[in-house]
Trainee: 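Before I ask anything, here is the structure I am working with.
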Amino acid sequence: MYLLKTSASFDSAHFLSGYNGKCANIHGHHWSAEISFAGEKLYPEGEKRDMLIDFGDIKKAVRELADSLDHSLIYEENTLQDATVKALEAENFRLIAVPFRPTAENFAEFFFRSLKNQGLPVKSAAVYETPDNCAVYEES
């Protein structure tokens with residue numbers, strides 16, 4: 001089996017609603033996503049001959065996904081009051097509501113599924129919340 005990896009990073013803020021600890025407050029991370037792609041066969045001919053997939057294609061897909069989250073406040077839907085959201089939007093803050101609690105575990109699954117839905121041969125997605133701590137999502 002062939003395995004390719006690429007990574008991209010983004011900076012964003014989040015908080016964990018309902019959490020009893022420091023992470024209940026808005027705070028930021030320099031997130032890093034490392035995505036692995038796997039397959040058994042290389043292209044037999046053409047410009048992609050002897051490649052599993054073009055690195056340019058996977059780098060672009062991962063980078064676009066990371067860029068879509070960059071420099072924003074990512075929060076779980078329905079965890080901020082409408083008035084809070086409106087006030088932040090009035091100040092031109094970039095807000096992204098997601099249908100999941102914005103944990104490293106859920107971001108790993110988000111990257112995995114988003115890239116898989118683009119038809120890419122994703123094997124696993126690791127999302128680092130700090131340089132030493134990451135969550136990995138892969139299907140069994």
Trainee: Taking salt bridge (charged side-chain N to carboxylate O under 4.0 Å, His left out) as the definition, give me every residue that meets it alongside Glu139, ordered by chain and number, with sequence neighbours left out.
Mentor: Arg113
Trainee: Are Phe37 and Tyr43 joined in one hydrophobic group, where the rule is that I, L, V, M, F, W and Y side chains link up if heavy atoms are under 4.5 Å apart?
Mentor: no
Trainee: Just jot down the side chain to side chain contact (heavy atoms under 4.5 Å, CB included) partners of Leu52, sequence neighbours excluded, or say none.
Mentor: Tyr2, Leu4, Leu42
Trainee: Gln118 and Ala61: which non-hydrogen atoms are nearest, and at how many Å?
Mentor: OE1-CB, 3.6 Å
Trainee: Taking atom NZ of Lys41 and atom CE of Met1, what is their separation to the nearest 0.5 Å?
Mentor: 12.5 Å
Trainee: How would you list, by chain and number, every residue that makes a side chain to side chain donor-acceptor pair (under 3.5 Å) with Ser12, sequence neighbours excluded?
Mentor: Trp31
Trainee: If you look only at pairs with a residue in residues 81-99, which of them pass as a side-chain hydrogen bond (donor to acceptor under 3.5 Å, both in side chains), with sequence neighbours excluded?
Mentor: none
Trainee: Taking salt bridge (Lys or Arg N to Asp or Glu O under 4.0 Å) as the cut-off, I'd like each qualifying pair that reaches into residues 6-34, sequence neighbours left out, listed once.
Mentor: Lys5-Glu34
Trainee: Are Val136 and Val127 grouped together when hydrophobic residues (ILVMFWY) are joined by side-chain heavy atoms under 4.5 angstrom apart?
Mentor: no
Trainee: Which other residues end up in the same hydrophobic cluster as Met51, if Ile, Leu, Val, Met, Phe, Trp and Tyr are linked when side-chain heavy atoms come under 4.5 Å apart?
Mentor: none
Trainee: Under 4.5 Å between side-chain heavy atoms, hopping through other hydrophobics if needed: is there a path connecting Phe111 to Phe100?
Mentor: yes
Trainee: Kindly write out the residues that satisfy side chain to side chain donor-acceptor pair (under 3.5 Å) with Asn133, not counting sequence neighbours, or none if the list is empty.
Mentor: Thr130
Trainee: What's the spacing between Ile74 CD1 and His29 NE2 if we round to 0.5 Å?
Mentor: 10.0 Å
Trainee: Strictly by side-chain hydrogen bond (donor to acceptor under 3.5 Å, both in side chains), give each pair with a member in residues 48-72 just once, sequence neighbours left out.
Mentor: Lys48-Asp57, Lys60-Glu64, Arg63-Asp67
Trainee: Apply the hydrophobic cluster definition, ILVMFWY joined by side-chain contacts under 4.5 Å directly or through others, and give me every member besides Tyr128.
Mentor: none
Trainee: Closest heavy-atom contact between Ser9 and Ala66?
Mentor: O-CB, 3.9 Å
Trainee: Listed by chain and number, what are the side chain to side chain contact (heavy atoms under 4.5 Å, CB included) partners of Thr103, not counting sequence neighbours?
Mentor: Leu16, Arg101, Glu105, Asn106
Trainee: Of all the heavy-atom pairs spanning Cys134 and Ala126, show the shortest one and how long it is.
Mentor: SG-CB, 4.4 Å
Trainee: Under 4.5 Å side-chain heavy-atom separation, chaining through any Ile, Leu, Val, Met, Phe, Trp or Tyr, what else clusters with Leu3? Say none if it is isolated.
Mentor: none
Trainee: Could you go through the side chain to side chain contact (heavy atoms under 4.5 Å, CB included) check for Ile35 and Leu115 one step at a time?
Mentor: CA-CA 9 Å; Ile35 314 301; Leu115 295 164; 3.8 Å; yes
Trainee: Mind checking who shares a hydrophobic cluster with Leu95, ILVMFWY linked at side-chain heavy-atom distances under 4.5 Å?
Mentor: Phe15, Ile26, Leu73, Tyr75, Leu80, Val85, Leu88, Phe93
